[in-house]
Amino acid sequence: MSREQLTERYEKEFEKLPDFIQSYLLYLEAIPRSTNTLYEYAKEYRRFLSWLTTEKIVVVVDISEIKLTDFERLNKDKIILYKSFLNQSPKRTFEKNSDNETAQASLSERNTHRLKVTVQRSITALRSLFKYLSNEEVEEFDEQTSEYIIRPLLRRNIMANIENGGVDSSNAVRKDKIEKMLYLDSDAIDFVEYVYSGYGNTLTTRQAKTAYEKNRIRDAAILALFLGSGIRLSELVNTNVSDLNYDGLYIQVRRKGDTMDHAMISPIFIDYIQEYTDQRKILYNADESIPALFLTKHKNVAKRMEGGSIEKMIDKYSTSFGKRTTPHKLRHSVGTMAFRKTKNLKTVSEILGQRSTSATEIYTHIVKKEQRSVINDLWT
């Protein structure tokens, strides 16, 4: 999804929300938070409000009419009930149905498909909102004392003691699941090579083999960039050809919070990426007006690949390889390998472009040198 499309979708979600939630999103914009974060938060708020109306916890014609006084009447039991609803809500229902239809689906229908939205993200978004509302102050006239008083927008924060995560999953179980999806040591290199040349041997029809041959160089390059740098899916989708620097072995990316950064690339994977960029124009009929690094063709016209297509591509190849994974788990793979090499969480967070505590200029310089050493030696 392009930044323009993302902004347009966010604005549509924003318009559906009550004014007090819009005020919070405007506050986040000013911090600033990335458009992607704002969009995800807005979706979560719309989902929560729609659930409140479907369950008749709040009775309004439209969710934009929900007031702060409605939030005042909520309690912890309602939030736990909402967490249970999220755990049972399937991917297909969320994608194709309205929120009202989702909430009214039978339990057996809900359990038919895997989750699309994690409980953790939903609860994190709500905790952030409730914290803001309970800390933000407003001045109002007290008729009993005939004086103006200062009070919080929301008098009590019911989310303060609500934990993130699913209601029936433990950290140990979650870690075990993540570990099974990681590509470590030689698995990472074998996986990229499998996509580059081995997957075709599993195909039986001419049509499937033709489709694979058309995109295999690009697909291997995508995996090489994920495993060679640990960048996020959104960062990869939005990269342009001009962002690559082969001399410095890095790619310029826009991190969370709209900050620019140089994500270093492991030299062991660079040949896959370079082969793709050398053939990109021919493979996808791309001219100089198409800046996107990773392309697809629609009606013989080149366009930027979207995140959903990349997720499906990785799911297809990794399932065939025998270890189903996701772009985010590939990022975890890089983080795990980097920590094995360094035993230094600070260096790992710098490699992955994660926000950390502020450091002095000299310390940052040292970390940058450590990053290059780690990334050069990551898969060897």
| said: Is there a continuous path of hydrophobic side-chain contacts, each under 4.5 Å between heavy atoms, that joins Ile31 to Tyr45? | reply: yes
| Listed partners of Asn285 passing side chain to side chain donor-acceptor pair (under 3.5 Å), at least two apart | Asn300
| Between Asp62 and Ser64, do the side chains contain an N or O donor and an N or O acceptor separated by less than 3.5 Å? | yes
| query | Side chains of Asn36 and Ser34: do they bring a donor and an acceptor to under 3.5 Å? | reply | no
Might you point out which heavy atoms bring [X] and [Y] nearest each other, and give the distance in Å?
{"X": "Ser318", "Y": "Thr325", "answer": "OG-N, 3.0 Å"}
{"X": "Lys323", "Y": "Leu182", "answer": "NZ-O, 2.9 Å"}
{"X": "Ile290", "Y": "Ala302", "answer": "CD1-O, 4.0 Å"}
{"X": "Arg121", "Y": "Glu40", "answer": "NH1-OE1, 3.0 Å"}
{"X": "Gly307", "Y": "Leu233", "answer": "O-CD2, 3.9 Å"}
{"X": "Arg304", "Y": "Thr296", "answer": "O-CG2, 4.5 Å"}

With a 4.0 Å cut-off on N to O distance, would you call [X] and [Y] a salt bridge?
{"X": "Lys281", "Y": "Glu288", "value": "yes"}
{"X": "Glu29", "Y": "Arg33", "value": "no"}
{"X": "Glu13", "Y": "Lys43", "value": "no"}
{"X": "Asp258", "Y": "Arg3", "value": "yes"}
{"X": "Lys209", "Y": "Glu213", "value": "no"}

Look at the side chain of [X] and the backbone N and O of [Y], then say whether any donor-acceptor pair between them is shorter than 3.5 Å.
{"X": "Arg156", "Y": "Glu72", "value": "yes"}
{"X": "Asp287", "Y": "Ser289", "value": "yes"}
{"X": "Ser23", "Y": "Asp19", "value": "yes"}
{"X": "Gln22", "Y": "Phe14", "value": "yes"}
{"X": "Asn135", "Y": "Tyr132", "value": "no"}
{"X": "Ser128", "Y": "Thr124", "value": "no"}

Distance in Å, [X] [atom1] paired with [Y] [atom2], rounded so as to fall on 0.5 Å steps:
{"X": "Arg155", "Y": "Ser134", "atom1": "CZ", "atom2": "OG", "answer": "12.5 Å"}
{"X": "Asp190", "Y": "Tyr183", "atom1": "CG", "atom2": "OH", "answer": "10.0 Å"}
{"X": "Tyr10", "Y": "Thr35", "atom1": "OH", "atom2": "OG1", "answer": "8.0 Å"}
{"X": "Asp77", "Y": "Leu81", "atom1": "CG", "atom2": "CG", "answer": "8.5 Å"}
{"X": "Leu203", "Y": "Thr210", "atom1": "CG", "atom2": "OG1", "answer": "10.0 Å"}
{"X": "Ile251", "Y": "Asp243", "atom1": "CD1", "atom2": "CG", "answer": "5.5 Å"}

| message | If the condition is salt bridge (Lys or Arg N to Asp or Glu O under 4.0 Å), which residues does Arg340 pass it with, not counting sequence neighbours? | response | Asp185
| Can you list the residues that meet the salt bridge (Lys or Arg N to Asp or Glu O under 4.0 Å) rule with Arg255, with sequence neighbours excluded? | Glu235, Asp261
Expected list for residues 217-231: side-chain donor-acceptor pairs under 3.5 angstrom, two or more places apart:
residue, atom, partner, partner atom, Å
Arg218, NH1, Leu295, O, 2.9
Asp219, OD2, Tyr317, OH, 2.7
Ser229, OG, Leu225, O, 2.6
Ser229, OG, Ile231, N, 3.4

4.5 Å side-chain heavy-atom contact, [X] and [Y]:
{"X": "Val253", "Y": "Met260", "result": "no"}
{"X": "Arg73", "Y": "Val58", "result": "no"}
{"X": "Tyr246", "Y": "Leu244", "result": "yes"}
{"X": "Glu306", "Y": "Gln5", "result": "yes"}
{"X": "Thr347", "Y": "Lys341", "result": "no"}
{"X": "Ile63", "Y": "Arg46", "result": "yes"}
{"X": "Thr326", "Y": "Ile314", "result": "no"}
{"X": "Leu133", "Y": "Leu129", "result": "yes"}

Should we count [atom1] of [X] as having more than 12 external heavy atoms under 6.0 Å?
{"X": "Lys316", "atom1": "NZ", "result": "yes"}
{"X": "Lys214", "atom1": "NZ", "result": "no"}
{"X": "Lys12", "atom1": "NZ", "result": "no"}

| request: Dump the intermediate steps for side-chain contact (heavy atoms from CB on, under 4.5 Å) on Leu249 and Met264, then the final yes or no. | output: CA-CA 6 Å; Leu249 291 180; Met264 297 180 185; over 6 Å; no
| message | Could you check, using the six-membered ring where one of them is a Trp, whether Phe71 and Phe130 have ring centers closer than 6.0 angstrom? | response | yes
| query | Can you say whether the rings of Tyr24 and Tyr27 are parallel (under 30°), tilted (30 to 60°) or perpendicular (over 60°)? | reply | parallel
| query | What do the steps show when you test Lys297 against Lys303 for side-chain contact (heavy atoms from CB on, under 4.5 Å), and what is the final call? | reply | CA-CA 6 Å; Lys297 279 197 298 189; Lys303 69 170 195 172; over 6 Å; no
| message | Leu293 and side-chain contact (heavy atoms from CB on, under 4.5 Å): which single residue from Val241, Ile273, Asn238 fits? | response | Val241
| said: Run the ring-ring contact (aromatic ring centres under 6.0 Å, His included) test against Tyr82 and tell me which residues pass, sequence neighbours left out. | reply: Phe48, Trp51, Phe85
| field | Worked verdict on Gln252 versus Asn245 for side-chain contact (heavy atoms from CB on, under 4.5 Å) | value | CA-CA 8 Å; Gln252 180 171 275; Asn245 186 309; over 6 Å; no
Name the atoms and distances for all side-chain donor-acceptor pairs under 3.5 Å in residues 193-200, with sequence neighbours left out.
residue, atom, partner, partner atom, Å
Glu193, OE1, Tyr272, OH, 2.6
Glu193, OE2, Ser197, OG, 3.1
Tyr194, OH, Ser320, OG, 2.4
Tyr196, OH, Glu275, OE1, 2.9
Tyr196, OH, Glu275, OE2, 3.1
Ser197, OG, Glu193, O, 3.2

| request: Could you go through the side-chain contact (heavy atoms from CB on, under 4.5 Å) check for Lys76 and Ile80 one step at a time? | output: CA-CA 6 Å; Lys76 185 177 180 179; Ile80 292 174; 4.1 Å; yes
